[in-house]
Amino acid sequence: MRMPPPDPTTMSRKPQIVRALRKIVPGEGVIAEEDALGAYESDGLTAYRQRPLAVVLPSQTSEVAAILRFCQKEGIKVVPRGAGTSLSGGALPLADGIVLGLGKFNAILDIDYENRCVVAQPGVTNLSVTRAVEDRGFYYAPDPSSQIACTIGGNVAENAGGVHCLKYGLTTNNILGVQVVLMNGELIRLGGKHMDGGGYDIMGLMTGSEGLLGVVTEVTLRILPCPEMARALLLGFPSNAAAGDCVAAIIAAGIIPGGMEMMDRPAVHAAEAFAHPGYPLDVQALLIVEVDGAACEVDALAKRVRSIAQDTGAVSTKVSESEEERLLFWAGRKSAFPAVGRLAPDYYCMDGTIPRGRLPQVLDEIGAMSERFGLRVANVFHAGDGNLHPLILYDANNSGEMECAEAFGAEILRLCVRVGGVLTGEHGVGVEKRDLMETMFNEDDLNQQQRVKCAFDPQSLLNPGKVFPTLRRCAELGRMHVHRGKMPFPELPRF
């Protein structure tokens with residue numbers, strides 16, 4: 001995994017940089033001691049580690065703006081960071097850059113039930129939003145497995161999803177507005193409490209931009225009324241192929257479940273041993289299908305889903321009989337990642353998305369890869385939208401196993417693209433998938449995406465080394481544009 005080499009001039013200026021940052025954020029807002037920096041040397045992708053030059057922890061938007069203005073003037077790289085739960089290395093520090101931590105931005109600023117929205121700072125955790133409004137019968141729909149820890153700002157950066165994204169959408173479908181500080185210190189507001197805005201969808205561009213375009217300091221979130229009733233079905237199958245056929249049949253029947261998750265046998269056994277949700281242990285694949293809405297609608301949908309499952313070969317079916325049981329069914333799925341951690345000293349969590357109809361084929365090929373690479377794999381994924389999360393089990397203490405796991409993971413992602421899917425569903429590209437971007441995009445595609453970054457960050461100081469396999473300078477991209485008979489960035493008339 002290549003990262004840009006550190007700039008020795010910046011490294012030698014660390015004392016001056018730290019002093020300047022402490023003038024902007026006084027007190028304990030700047031961390032520069034080597035031992036203390038260890039807490040920030042990686043995010044959730046712990047295979048890659050790098051201590052930053054310094055960490056700065058502002059608590060006000062004005063401080064964020066001042067930090068970015070200073071860094072642009074001095075040519076200092078900046079890596080924005082939320083809770084550090086990213087699984088793609090999106091918050092991996094740079095040796096010659098600062099980490100801009102947003103953990104102190106942890107307040108809910110406004111709850112507006114009339115307009116069904118919440119205004120929150122980026123350091124508020126995902127689950128806290130639902131906790132703040134549930135007593136009035138509302139909730140925030142996106143629910144990543146890490147929702148107890150991951151933050152709203154990070155969710156925006158990675159366009160996070162969750163088990164209910166099939167019906168209710170990803171982060172991009174559930175935010176109404178953002179406040180963003182650009183690299184030059186300018187503050188812009190995109191969207192608001194209204195449903196739609198005119199002009200270009202810059203908010204959509206910011207969502208999923210992985211900290212490369214700006215730093216989010218406020219988010220307006222859409223909240224939804226809790227459905228009258230929800231029931232979860234546990235559907236066990238004798239094979240992955242049969243479970244995949246059931247997924248396709250449910251969608252083909254015009255049913256859009258609140259959530260539809262799939263786990264293979266190793267993941268089922270691990271989750272049952274960890275959380276005791278009552279999963280059947282004699283099946284090769286398990287579907288969790290949730291239907292919600294009015295009580296009469298839920299009863300009818302549950303019967304239809306159960307019938308479809310039986311028609312596609314289910315060997316066991318169970319419908320939750322209470323809210324407690326429904327939550328228990330989901331507790332197993334939500335704890336699948338830590339549960340699988342008991343199966344091996346280390347695991348590598350992948351994230352690719354495929355067309356639903358290719359599920360059986362892709363799972364069979366992953367099984368064949370497992371044999372070829374000599375590493376076990378447990379599959380947990382959002383079956384409804386084809387978002388796979390294969391967990392490759394390995395032991396980093398054994399020479400070569402980590403590299404083998406990385407090669408295995410890269411092969412899975414290439415397979416996803418080959419069958420018509422994409423490299424990521426919700427974890428982002430970061431450094432993990434950066435060098436695979438050329439399997440999905442050609443040179444012109446990647447250059448055009450980098451031109452967008454140039455419009456926001458012409459010096460490429462925000463999170464450099466992430467997403468793009470080859471980082472081109474903005475002047476070079478402009479020259480390439482001219483060489484192909486196009487004007488680079490035409491000057492607009494002034495009025």
Side-chain angles (χ1 to χ4, degrees), residues 126-127 129-130 134 138-148 150 155 159-174 222-237 243-244 246-264 267-268 271 275 277-279 285-294 297-306 308-309 314 317-337 351 353-354 356 359 379-389 425-426:
N126 176 286
L127 187 58
V129 178
T130 291
E134 61 187 356
F138 287 84
Y139 74 111
Y140 178 60
D143 56 346
S145 294
S146 60
Q147 67 180 148
I148 193 172
C150 67
N155 289 177
N159 193 20
V163 299
H164 288 94
C165 66
L166 171 62
K167 184 173 183 178
Y168 296 104
L170 301 164
T171 298
T172 191
N173 308 112
N174 289 277
R222 184 198 315 270
I223 55 174
L224 302 175
C226 296
E228 181 183 329
M229 176 182 284
R231 283 190 178 174
L233 293 88
L234 290 183
L235 310 173
F237 294 86
C246 183
V247 170
I250 289 171
I251 299 298
I255 300 170
I256 306 297
M260 184 154 54
E261 300 289 300
M262 183 170 165
M263 305 164 70
D264 67 3
V268 167
Y279 291 168
L286 180 70
L287 282 182
I288 308 174
V289 181
E290 181 167 290
V291 289
D292 59 13
E297 179 188 16
V298 168
D299 289 340
L301 287 174
K303 288 178 183 177
R304 288 182 65 195
V305 169
R306 194 172 205 167
I308 291 170
T317 63
K318 185 177 183 181
V319 183
S320 63
E321 297 297 332
S322 65
E323 180 64 6
E324 291 72 24
E325 189 173 35
R326 182 186 74 85
L327 293 175
L328 186 60
F329 288 177
W330 282 118
R333 166 60 185 90
K334 293 257 184 176
S335 63
F337 286 7
D351 165 53
T353 300
I354 62 171
R356 281 185 294 262
L359 278 173
N379 286 290
V380 181
F381 51 91
H382 310 310
D385 59 354
N387 186 195
L388 309 181
H389 293 313
E426 58 179 338

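Numbers here are sequence positions counted from 1. These numbers come from a predicted model, not from an experiment.
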Residues two or more places apart in sequence or in another chain: which of them pass side-chain hydrogen bond (donor to acceptor under 3.5 Å, both in side chains) with [X]?
{"X": "Thr317", "value": "Arg306"}
{"X": "Asp264", "value": "Asn379"}
{"X": "Glu297", "value": "none"}

To the nearest 0.5 Å, what is the distance between CG on Asn155 and OG on Ser146?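 Answer rounded to 0.5 Å: 7.0 Å.
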Below 4.5 Å, heavy atoms only, C-beta onward: do Tyr279 and Ile288 meet side chain to side chain?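 Counting from C-beta outward, Tyr279 and Ile288 do come under 4.5 Å.
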Does anything in residues 227-236 form a side-chain hydrogen bond (donor to acceptor under 3.5 Å, both in side chains)? List the pairs, not counting sequence neighbours.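 For residues 227-236, and leaving out neighbouring residues, the side-chain hydrogen bond (donor to acceptor under 3.5 Å, both in side chains) pairs sorted by first residue read Arg231-Asp299.
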Any residue meeting salt bridge (charged side-chain N to carboxylate O under 4.0 Å, His left out) with Glu426, in chain and number order, not counting sequence neighbours: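 So Glu426 forms no salt bridge (charged side-chain N to carboxylate O under 4.0 Å, His left out) with any residue.
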How would you list, by chain and number, every residue that makes a salt bridge (charged side-chain N to carboxylate O under 4.0 Å, His left out) with Arg326, sequence neighbours excluded?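 Scan of Arg326 (salt bridge (charged side-chain N to carboxylate O under 4.0 Å, His left out), adjacent residues dropped) gives Glu290, Glu323.
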With sequence neighbours left out, write down each residue that passes ring-ring contact (aromatic ring centres under 6.0 Å, His included) with Tyr139, or none if nothing qualifies.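 Result, ring-ring contact (aromatic ring centres under 6.0 Å, His included) vs Tyr139: none returned.
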Taking atom CD1 of Ile148 as the centre, report whether more than 12 heavy atoms of other residues, nucleotides or ligands fall under 6.0 Å from it.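 It does not: Ile148 CD1 has 12 such atoms or fewer within range.
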[X]: partners by side-chain contact (heavy atoms from CB on, under 4.5 Å), with sequence neighbours left out:
{"X": "Lys303", "value": "none"}
{"X": "Ala331", "value": "none"}
{"X": "Ala336", "value": "Met263, Arg333, Val380"}
{"X": "Asp143", "value": "Gln147, Val163, His164, Lys334"}

Among pairs that include at least one residue of residues 163-172, which meet salt bridge (Lys or Arg N to Asp or Glu O under 4.0 Å), considering only residues two or more places apart or in two chains?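 Sorted result for residues 163-172: Lys167-Asp292.
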